[in-house]
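A short write-up of the structure that comes next.
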Amino acid sequence: MIVPDSIQIVGILAAIASTISFVPQAWKIISTRDTEGLSRRMYALTVIGFALWLTYGIGKNDWALIVPNSLCLAMAMFIFAMLMMPQKQRQAVADAIQPNTSAKS
């Protein structure tokens with residue numbers, strides 16, 4: 001059995017925290033269908049940053065960088081895409097993921 005050393009534990013915890021940090025924002029967008037107050041520039045830079053970290057991880061063949069940055073990139077891209085969509089499209093995507101039960105039939 002391989003026992004991680006303290007720096008590996010720090011890396012694992014950082015990867016988990018980074019990955020999980022996007023879930024509440026993505027879910028809030030899905031639930032509320034609202035992206036007001038979110039910065040398009042910030043999410044564009046976040047997507048670029050995760051894409052670069054993923055590229056770096058692939059270049060180094062480092063799964064500790066590849067896995068969490070792939071997940072973070074996917075969530076950041078989802079949030080950025082939702083930010084860029086017109087309201088009607090954003091509503092359709094959110095409805096496909098979680099039907100809006102408060103909407104009138």
Side-chain angles (χ1 to χ4, degrees):
M1 181 174 156
I2 298 174
V3 178
D5 63 24
S6 60
I7 199 67
Q8 286 174 317
I9 292 170
V10 169
I12 290 166
L13 292 174
I16 291 168
S18 295
T19 303
I20 292 174
S21 71
F22 283 93
V23 174
Q25 187 65 69
W27 193 251
K28 183 176 180 185
I29 291 169
I30 293 164
S31 297
T32 66
R33 280 76 168 146
D34 181 31
T35 59
E36 188 158 339
L38 297 179
S39 169
R40 289 180 173 154
R41 287 183 187 152
M42 190 279 292
Y43 271 97
L45 285 171
T46 300
V47 167
I48 291 167
F50 283 124
L52 291 170
W53 274 115
L54 176 58
T55 302
Y56 178 73
I58 291 168
K60 296 200 54 90
N61 196 30
D62 186 342
W63 288 100
L65 292 172
I66 294 170
V67 172
N69 283 295
S70 295
L71 296 171
C72 288
L73 177 60
M75 285 188 275
M77 286 175 62
F78 171 79
I79 293 168
F80 184 66
M82 293 293 274
L83 276 165
M84 299 306 290
M85 285 179 196
Q87 176 63 33
K88 196 172 190 176
Q89 236 181 328
R90 186 170 44 247
Q91 180 77 31
V93 170
D95 284 343
I97 296 168
Q98 179 195 35
N100 190 348
T101 55
S102 66
K104 299 192 187 218
S105 305

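The basis for the numbers below is simple: all heavy atoms, side chains too, and nothing from hydrogens, waters or symmetry mates.
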Requested in this report: Apply side-chain contact (heavy atoms from CB on, under 4.5 Å) to the pair K28 and D34, showing each step before the final yes or no.
Outcome: CA-CA 8 Å; K28 183 176 180 185; D34 181 31; over 6 Å; no

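- The side-chain heavy atoms of L54 and L65, taken from C-beta on, include no pair separated by under 4.5 Å.
- Remark: M85 CE is packed, more than 12 non-hydrogen atoms of other residues, nucleotides or ligands lying under 6.0 Å away.
- Put simply, CG on L71 and CD1 on I16 are 11.0 Å apart, with the number rounded to the nearest 0.5 Å.
- For an aromatic pair to be called close, the ring centres must be under 6.0 Å apart, and F50 with W53 fails this.
- From I66, atom CD1 reaches atom CG of L73 across 13.0 Å, with rounding to the nearest 0.5 Å.
- To the nearest 0.5 angstrom, Y56 atom OH is 11.5 Å from N69 atom CG.
- With rounding to the nearest 0.5 Å, the separation of OG1 in T55 from CD1 in I48 is 11.5 Å.
- Taking the centre of each ring, Y43 and F78 stay at or above the 6.0 Å mark.
- In terms of heavy atoms, R40 sits closest to L83 at NH2-O, 2.9 Å.
- Taking each heavy atom of A26 and I79 in turn, the nearest pair found is N-CD1, 3.9 Å.
- Between T35 and R90, the closest heavy-atom pair is OG1-NH1, 3.3 Å.
- Ion pairing between a basic and an acidic side chain is recognised when a charged N comes within 4.0 Å of a carboxylate O; D95 and R33 show such pairing.
- Atoms CE and CE, on M77 and M82 in that order, are 14.0 Å from each other to the nearest 0.5 Å.
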Query raised in the report: After noting the C-alpha distance and the side-chain angles of L13 and I9, does the key distance pass the side-chain contact (heavy atoms from CB on, under 4.5 Å) rule?
Result: CA-CA 6 Å; L13 292 174; I9 292 170; 3.9 Å; yes

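- The shortest side-chain heavy-atom distance between I29 and L38 falls under the 4.5 Å cut-off.
- Of all the heavy atoms in I20 and P24, the pair that sits closest is O-CD, 3.2 Å.
- Without hydrogens or angle criteria, S18 side chain to A15 main chain gives no donor-acceptor distance under 3.5 Å.
- In terms of hydrophobic clustering, with Ile, Leu, Val, Met, Phe, Trp and Tyr side chains grouped at heavy-atom distances under 4.5 Å, V47 and V67 are assigned to a common cluster.
- Looking at Q25, its side chain never comes within 3.5 Å of a backbone N or O of F22 through a donor-acceptor pair.
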